[in-house]
Undergrad: 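Pasting a structure here, questions to come.
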Amino acid sequence: MSSEGILKFPPGFLWGTATSPTQVEGHIENEWTNFTAQDGGHCRIACDNYHRYPEDIAWMQQLGTNAYRFGIEWSRLQAAPFAPLNQNELARYVDLLDRLRAAGITPMVVLHHFSNPPWINAAGGWTNAATIPAFVDFVKQLVPALREKVFLWNTFNEPDTYACVAYLLGGFPPQRKWQLGKFRRVIDHMARAHVQASRIIRRDGVCAGRKPEVGIAKNCTFFHAYHRLSPWDRATAFACHYTFNKFVLDAFLGGGRRHASTFIGLNYYGRVRFRHFRAMIPASGAPVKTLKDFGFVCDDMVERYPAGLEKILPYLQRKFHLPVYITEHGSASANENFRERDLRQNLTALHHAIQSGVDVRGFFYWSLLDNFEWQFGYTKKFGLLAVDFAKAALPRTAKPLAGVYTRICRANALE
Ligand code: FCB
């Protein structure tokens, strides 16, 4: 699959982009509505994708993508526990799906991406076991309504990030710190909800003989000590790996639970190294100059570590025997050359993993648009398309990386 410097990807490979409702839609009523990010920004309009999705789909087509991973916002569809789905809001998502189909773009639908309806949050969110049947009811109603249009389902996006940043680091609502018991409870409840929701999707999501696919999106970060011999930094790295990777993967996919999923979604960004207990990454506030002096290659968030993809993919395959979609990868930087290099290095690593026998079926670039990056607001530029947030019309323009990605998608290959 490679000749003269051209790395070809398998036939039928999905090349997509990814977004999430809170980050792009705007006009949303969830725990983020009244949240003020570090830059003073909020998500109340975001990219106004709620109204502009036809234009954004036209962009996807122009980019040459054949897939799109996006979320269906639970808070739009149910006003109370076990309430019937809001038909107007459902119709908007149906229209979005119909337009995607007309554009030849395969949808992957995410059911939970860091947000809940207000009535769920008021009752303790995912720390409350009663959230499980409420979520399962949402899924039970949604799947038959969309089965003719969707066969790729993602139940939970990065449960590890959600539970960690909301209950350990205090960055996401409800902004709790060091509540390890709650962290574990959230993971446990989400994992149980995933198993039940997956059963429903696999039973009720069949359409014209086509079997639905379902999985979570797991963020796999490498945690290492900067000095290999520092026992404290090694212990910190191990504790993070254990809590965020091992514990979470076991909760969702361990033992018999593996049989609930038909694939694993991998969100891959890179690595966090610790020095004197400090996470040496921009997202934790480590100064850019210090990181440079230490020789770390970082985007505006984390250390880049393309080699990690070649380690994690075979590991996931060996451990779970499930096909993989790269449900997110991308970088945030104002330097487009840096971003191009990063993309090429990661896709090269991905290609090696595929060559070595890992069954990877698609890649979704995070993100289609510059958007509301949670607690950081609008300062992290992950988009293939820039959005001018200073203008009321929120115009989109293609960045240089968009051109690079388009060539890759069209050729199904990396030159
Ligand atoms: C992932 C999230 C996504 C976005 C990217 C940068 O952890 O799933 O919403 O924030 O990181």
Side-chain angles (χ1 to χ4, degrees), residues 16-26 28 30-32 35 37-39 41-43 46-47 49 68-74 108-116 154-166 168-169 171-173 186-187 190 215-223 240 244-245 248 252 264-272 279 281-284 298-305 308-309 312 325-334 339 342-343 346 363-385 387 401:
T17 56
T19 62
S20 85
T22 305
Q23 293 178 277
V24 301
E25 284 183 359
I28 224 161
N30 63 30
E31 64 269 61
W32 293 93
F35 179 92
Q38 288 163 14
D39 65 345
H42 57 71
C43 69
C47 307
N49 165 271
Y68 178 46
R69 174 179 179 261
F70 70 100
I72 289 193
E73 174 69 15
W74 184 10
M108 178 184 278
V109 164
V110 184
L111 298 171
H112 188 277
H113 197 133
F114 302 171
S115 67
N116 304 302
N154 221 179
T155 53
F156 289 90
N157 176 71
E158 299 192 4
D160 46 308
T161 306
Y162 174 72
C164 168
V165 187
L168 298 180
L169 302 180
F172 290 1
V186 167
I187 294 298
M190 285 184 159
I216 60 162
K218 173 76 184 78
N219 170 23
C220 290
T221 300
F222 284 84
F223 298 100
C240 287
F244 305 127
N245 292 332
V248 177
F252 281 80
I264 299 182
L266 172 65
N267 289 5
Y268 185 71
Y269 289 90
R271 167 158 82 167
V272 175
I281 54 169
S284 311
C298 301
D299 72 341
D300 294 345
M301 296 291 276
V302 296
E303 186 185 354
R304 312 313 285 183
Y305 188 47
L309 254 190
I312 188 71
Y325 291 89
I326 307 293
T327 32
E328 286 182 23
H329 171 80
S331 62
S333 169
R339 295 180 78 206
D342 176 79
L343 178 62
N346 279 280
F363 176 93
F364 294 82
Y365 193 84
W366 184 273
S367 179
L368 175 68
L369 302 162
D370 283 346
N371 61 42
F372 176 74
E373 179 54 32
W374 312 112
Q375 73 271 42
F376 302 107
Y378 293 91
T379 53
K380 310 289 182 190
K381 307 292 188 187
F382 278 98
L384 292 171
L385 307 176
V387 178
L401 189 66

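For clarity, every value in this text was computed on a predicted model and none was experimentally measured. Every number for a ligand or one of its atoms is a count from 1 in the order of the listing.
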Undergrad: Mind checking what makes ring-ring contact (aromatic ring centres under 6.0 Å, His included) contact with Phe376, not counting sequence neighbours?
TA: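 Not a single residue meets the ring-ring contact (aromatic ring centres under 6.0 Å, His included) criterion with Phe376.
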
Undergrad: Short list, please: which atoms of ligand 1 are under 4.0 Å from a heavy atom of Gln23?
TA: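 Reading through ligand 1 atom by atom, the close ones are 3 (C), 4 (C), 9 (O), 10 (O).
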
Undergrad: Applying a heavy-atom cut-off of 4.0 Å, say which part of Glu373 lies close to ligand 1: side chain, backbone, both or neither.
TA: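 It is the side chain that touches ligand 1; the backbone stays farther off.
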
Undergrad: Provide, to 0.1 Å, the distance between atom 5 (C) of ligand 1 and the closest protein heavy atom, together with that atom's residue and name.
TA: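 Protein heavy atom at minimum distance: Tyr269 OH, 3.3 Å.
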
Undergrad: Considering residues at least two apart in sequence or located in another chain, which fulfil the side chain to side chain donor-acceptor pair (under 3.5 Å) criterion with Glu373?
TA: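 So Glu373 forms a side chain to side chain donor-acceptor pair (under 3.5 Å) with Gln23.
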
Undergrad: Is it true that Asp342 and Arg304 make a salt bridge, defined as a side-chain N closer than 4.0 Å to a carboxylate O?
TA: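 Yes.
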
Undergrad: Numbering the atoms of ligand 1 from 1, which are under 4.0 Å from a heavy atom of Phe382?
TA: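 Here the atoms of ligand 1 in question are 6 (C).
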
Undergrad: Please state whether the rings of Tyr325 and Phe364 are parallel, tilted or perpendicular, taking 30° and 60° as the class boundaries.
TA: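 If you compare the ring of Tyr325 with that of Phe364, the planes turn out tilted.
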
Undergrad: Given that the side chain starts at C-beta and the backbone is N, CA, C, O, which of these parts of Lys380 lies under 4.0 Å from ligand 1, counting heavy atoms, or is it both or neither?
TA: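 It is neither; nothing of Lys380 touches ligand 1.
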
Undergrad: Check for a donor-acceptor pair, side chain of Lys380 on one end and backbone N or O of Asp300 on the other, with a separation under 3.5 Å.
TA: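 Confirmed, Lys380 side chain pairs with Asp300 backbone.
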
Undergrad: Considering non-hydrogen atoms of the protein only, which is the closest contact for atom 7 (O) of ligand 1, and what is the distance?
TA: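 Checking every protein heavy atom, the shortest distance to atom 7 (O) of ligand 1 gives Glu158 OE1, 2.5 Å.
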
Undergrad: Can you report which non-hydrogen protein atom sits closest to atom 2 (C) of ligand 1, along with the distance?
TA: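 Answer, as residue, atom name and distance: Glu328 OE1, 3.4 Å.
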
Undergrad: Is ligand 1 under 4.0 Å from a heavy atom in the side chain of Asn157, in the backbone, in both, or in neither?
TA: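 The answer is the side chain.
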
Undergrad: Heavy-atom contacts with Trp374 under 4.0 Å: which atoms of ligand 1 show up? List them by number with element.
TA: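 Per the distance check, 3 (C), 4 (C), 9 (O), 10 (O).
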
Undergrad: Between Tyr268 and Phe222, what is the ring plane arrangement, given parallel below 30°, perpendicular above 60°, and tilted in between?
TA: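 Tyr268 vs Phe222 ring planes: perpendicular.
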
Undergrad: Going by the angle between their ring planes, with limits at 30° and 60°, are Phe114 and Phe172 parallel, tilted or perpendicular?
TA: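 Geometry flag for Phe172 against Phe114: tilted rings.
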
Undergrad: If you round to the nearest 0.5 Å, how far is CG of Leu368 from OG1 of Thr19?
TA: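 That separation rounds to 7.0 Å.
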
Undergrad: Pull out every atom of ligand 1 sitting under 4.0 Å from any heavy atom of Trp366, numbered as shown with elements.
TA: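 Close to Trp366: 3 (C), 4 (C), 5 (C), 6 (C), 9 (O).
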
Undergrad: Does at least one non-hydrogen atom of His113 fall below 4.0 angstrom from an atom of ligand 1?
TA: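 Judged by the 4.0 Å heavy-atom criterion, His113 does count as contacting ligand 1.
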
